[in-house]
Amino acid sequence: MNPSRIPSRVKLVEVGPRDGLQNEKQPVPAAVKIELVHRLQAAGLTEIEVTSFVSPKWVPQMADAAIVMAGVQRQSGVRYSVLTPNLQGFEAAVKTQPDEIVVFGAASEAFSQKNINCSIAESIARFQPVVQAALAQGLAVRGAISCAVGCPYEGDIAPERVAMVARLMHGIGVQHVGVADTIGVGTPLKVQRALEAALTVYGINQISGHFHDTYGMALANTLASLQMGVWQFDTSVAGLGGCPYAKGATGNVATEDVVYLLHGMGIETGINLDKLVDAGAFISDFLQRKPNSRAATALLNKRAQP
Ligand code: HMG
Ligand code: MG
């Protein structure tokens, strides 16, 4: 471990309302999504990925994107991001005044086809006018690189594929890339190689980790990323999440678990863990299950003790 590289502060992008709720079978009313966002910002999350402006035929769970964005009472100091796969999505999104948009591509051709119905090259051509329009309007632009470690259709993904997509995204003006282990198959060294590949194109301040926890490796992968100096991560309250086009993949690493890890290492997040646990309990109660977070479970059990 190189302790000098471990950051003293970490920025978490809460993706539960988007990555989490896009994957729920039961309908979640817009009012519940809005309440979740309110509780997350009350817990100190300053970056919230709220929703996606995608085809409602592909992802019906996100069909209420504009309603949710309109219903959120914005808090100063909080940035709200949304996913926009194409100009149609961008035009709908921009009316709702997000602070940041996210284009999402993949390091796997097969996943790109399944998820957004086009090849990697076509996806970059689609993103290009979106990125241009967003930058022209002063919006920040993030790119997600799915299947950066493994793909449900192609298996292992070479780091060179991640570097290639990072280069393509950089070439069209994407300011920041998220290296995503979509199906949670990564282990620390593989994840470090994927991050190193992105770092051949982007600086350390322009990359983040997005780790699903299917095999229980996401916290280990987060620690491995911290050791490289990576200080930005997408996480999901109560471990919600998954992608409808990555069957079998489970949720993102739970925000509660990452906050517990970071605070225990003396790393600042600005997040109040107790309030975060409340936010996770709120959405888990609605979904009629327990939070998928070890730290939240432990803290809820502790609270229940006489
Ligand atoms: P397509 O069918 O190729 O699009 O889908 P199209 O341009 O041919 O249009 C077909 C129909 O979709 C038309 O409607 C369009 O109006 C409509 P029709 O004439 O048939 O009634 N349409 C739209 N409607 C609303 N908003 C839009 C939009 N675009 C077209 N933006 C498309 C292409 C990209 C739209 C589709 O494949 C899609 O929506 N995919 C989204 C899939 C998705 O949301 N996946 C989950 C998010 S990514 C993720 O979770 C991974 C991440 O977490 C990182 C990680 O973990 O890896 C980010
Ligand atoms: Mg994801």
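Every number for a ligand or one of its atoms is a count from 1 in the order of the listing. In this text the structure is predicted, and so the values were computed from the model without any measurement.
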> If you measure every N/O of Y245 against every N/O of ligand 1, is any gap under 3.5 Å?
Replying inline: no

> Would you say A246 contacts ligand 1, with heavy atoms under 4.0 Å as the rule?
Replying inline: no

>> Looking only at the aromatic ring of each residue, does the gap between the centers of H176 and Y202 stay below 6.0 angstrom?
In response: no

> Which ligand 1 atoms does V59 reach within 4.0 Å, using its non-hydrogen atoms?
Replying inline: 42 (C), 43 (C), 44 (O)

> When you measure from atom 14 (O) of ligand 1 to every protein heavy atom, which one gives the shortest distance, and what is it?
Replying inline: K57 NZ, 4.2 Å

> Who's the nearest protein heavy-atom neighbour of atom 16 (O) of ligand 1, and how far?
Replying inline: Q88 NE2, 2.9 Å

> Please state which protein non-hydrogen atom is closest to atom 32 (C) of ligand 1 and give its distance, to 0.1 Å?
Replying inline: I116 O, 4.3 Å

>> Considering A106, P85, A107, A65 one by one, which has a heavy atom nearer to atom 34 (C) of ligand 1 than any of the others?
In response: P85

> D274 pairs by side chain to side chain contact (heavy atoms under 4.5 Å, CB included) with which of I271, N272, L276?
Replying inline: N272

> Is the shortest side-chain N to carboxylate O distance from D278 to R303 below 4.0 Å?
Replying inline: yes

> Which ligand 1 atoms does P56 reach within 4.0 Å, using its non-hydrogen atoms?
Replying inline: 24 (N), 25 (C)

>> Under 4.0 Å from a heavy atom of N115: which atoms of ligand 1 are those, numbered in the order shown and with their elements?
In response: 37 (O), 40 (N), 41 (C), 42 (C), 43 (C), 45 (N), 46 (C), 48 (S)

> Does atom 39 (O) of ligand 1 have a protein heavy-atom neighbour under 4.0 Å away?
Replying inline: yes

> At a 4.0 Å threshold, what atoms of ligand 1 neighbour a non-hydrogen atom of S146?
Replying inline: 51 (C), 54 (C), 55 (C), 57 (O)

>> So that I can tick it off, tell me whether R161 and E154 are bridged by a salt bridge, with the cut-off set at under 4.0 angstrom between side-chain N and carboxylate O.
In response: no

> With the Mg ion (ligand 2) at the center, what angle do NE2 from H212 and OD2 from D19 span, rounded to 10 degrees?
Replying inline: 100°

>> Is atom 19 (O) of ligand 1 touching the protein, meaning some protein heavy atom lies under 4.0 Å away?
In response: no

>> Assess the residue pair F286 and E24 against the criterion (side-chain contact (heavy atoms from CB on, under 4.5 Å)); give the C-alpha distance rounded to whole Å, side-chain angles, the decisive distance to 0.1 Å, and a yes or no.
In response: CA-CA 12 Å; F286 175 82; E24 285 302 323; over 6 Å; no

> G89 to ligand 1: N or O pair under 3.5 Å?
Replying inline: yes

> Do T255 side-chain atoms and S236 backbone N/O form a donor-acceptor pair below 3.5 Å?
Replying inline: yes

>> Any protein heavy-atom neighbour for atom 29 (N) of ligand 1 (distance below 4.0 angstrom)?
In response: yes

> Tell me, which protein residue and heavy-atom name are nearest atom 46 (C) of ligand 1, and how many Å apart are they?
Replying inline: Q22 OE1, 3.4 Å

>> With the threshold set at under 4.0 angstrom, would you say R18 reaches ligand 1 through any of its heavy atoms?
In response: yes

>> I need the atoms of ligand 1 closer than 4.0 Å to a non-hydrogen atom of D19, numbered in the order shown.
In response: 53 (O)

> Under the side-chain hydrogen bond (donor to acceptor under 3.5 Å, both in side chains) criterion, do N205 and W231 qualify, and how do the steps go?
Replying inline: CA-CA 8 Å; N205 296 332; W231 59 277; 2.9 Å; yes

>> Could you tell me if Q41 and Y80 have a donor-acceptor pair between their side chains, going purely by distance under 3.5 Å?
In response: yes

>> Determine whether any protein heavy atom is located less than 4.0 Å from atom 9 (O) of ligand 1.
In response: no

>> Whether the side chain of D181 engages the backbone of H212 through a donor-acceptor N/O pair (distance < 3.5 Å, no angle test) should be reported.
In response: no

> Should L240 and L287 be marked as a side-chain contact (heavy atoms from CB on, under 4.5 Å) after you check the CA-CA gap, both sets of side-chain angles, and the distance that decides it?
Replying inline: CA-CA 10 Å; L240 302 170; L287 297 169; 3.6 Å; yes

>> Looking only at protein heavy atoms, which one is nearest to atom 35 (C) of ligand 1, and what is the separation?
In response: N86 ND2, 3.7 Å

> For R9, does its backbone N or O pair with a side-chain atom of E268 as donor and acceptor, under 3.5 Å?
Replying inline: no

>> Going by a strict under-4.0 Å cutoff (protein heavy atoms only), does atom 49 (C) of ligand 1 have a neighbour on the protein?
In response: yes

> Does an N or O from A144, backbone or side chain, lie closer than 3.5 Å to an N or O of ligand 1?
Replying inline: no

> Looking at atom 3 (O) of ligand 1, what's its closest protein heavy atom, distance included?
Replying inline: N117 ND2, 2.8 Å

>> Evaluate K190 against V185 for side-chain contact (heavy atoms from CB on, under 4.5 Å), listing each step before the verdict.
In response: CA-CA 9 Å; K190 287 185 184 175; V185 288; over 6 Å; no

> What atoms in ligand 1 come closer than 4.0 Å to a heavy atom of H212?
Replying inline: 56 (O)

>> Working to the nearest 0.5 angstrom, can you tell me the gap between L12 CG and E14 CD?
In response: 8.5 Å

>> Between E91 and K95 (salt bridge meaning N to carboxylate O under 4.0 Å), is one present in this structure?
In response: no

>> Do T235 and N252 make a side-chain contact, defined as non-hydrogen atoms from C-beta onward lying under 4.5 Å apart?
In response: no

> Just which atoms of ligand 1 are under 4.0 Å from any heavy atom in F53?
Replying inline: 26 (N), 27 (C), 31 (N)

> Are any side-chain N or O atoms of E109 and backbone N or O atoms of I120, one a donor and one an acceptor, separated by less than 3.5 Å?
Replying inline: yes

>> Give me the residue, atom name and distance of the protein heavy atom closest to atom 12 (O) of ligand 1.
In response: S55 OG, 3.9 Å

> Under 3.5 Å, N or O to N or O, is D181 touching ligand 1 that way?
Replying inline: no

>> Taking 4.0 Å as the limit for heavy-atom contacts, which would you say applies to T182 with ligand 1: side chain only, backbone only, both, or neither?
In response: both

> Hey, does the Lys NZ or Arg CZ of K11 hover above the aromatic six-ring of F233, less than 6.0 Å from the centre and inside 45° of the axis?
Replying inline: no

>> Looking only at distances, can you tell me whether any N or O atom of V54, backbone or side chain, sits closer than 3.5 Å to an N or O atom of ligand 1?
In response: yes

> Which residue supplies the protein heavy atom nearest to atom 5 (O) of ligand 1, what is that atom called, and how far is it?
Replying inline: W58 NE1, 3.7 Å

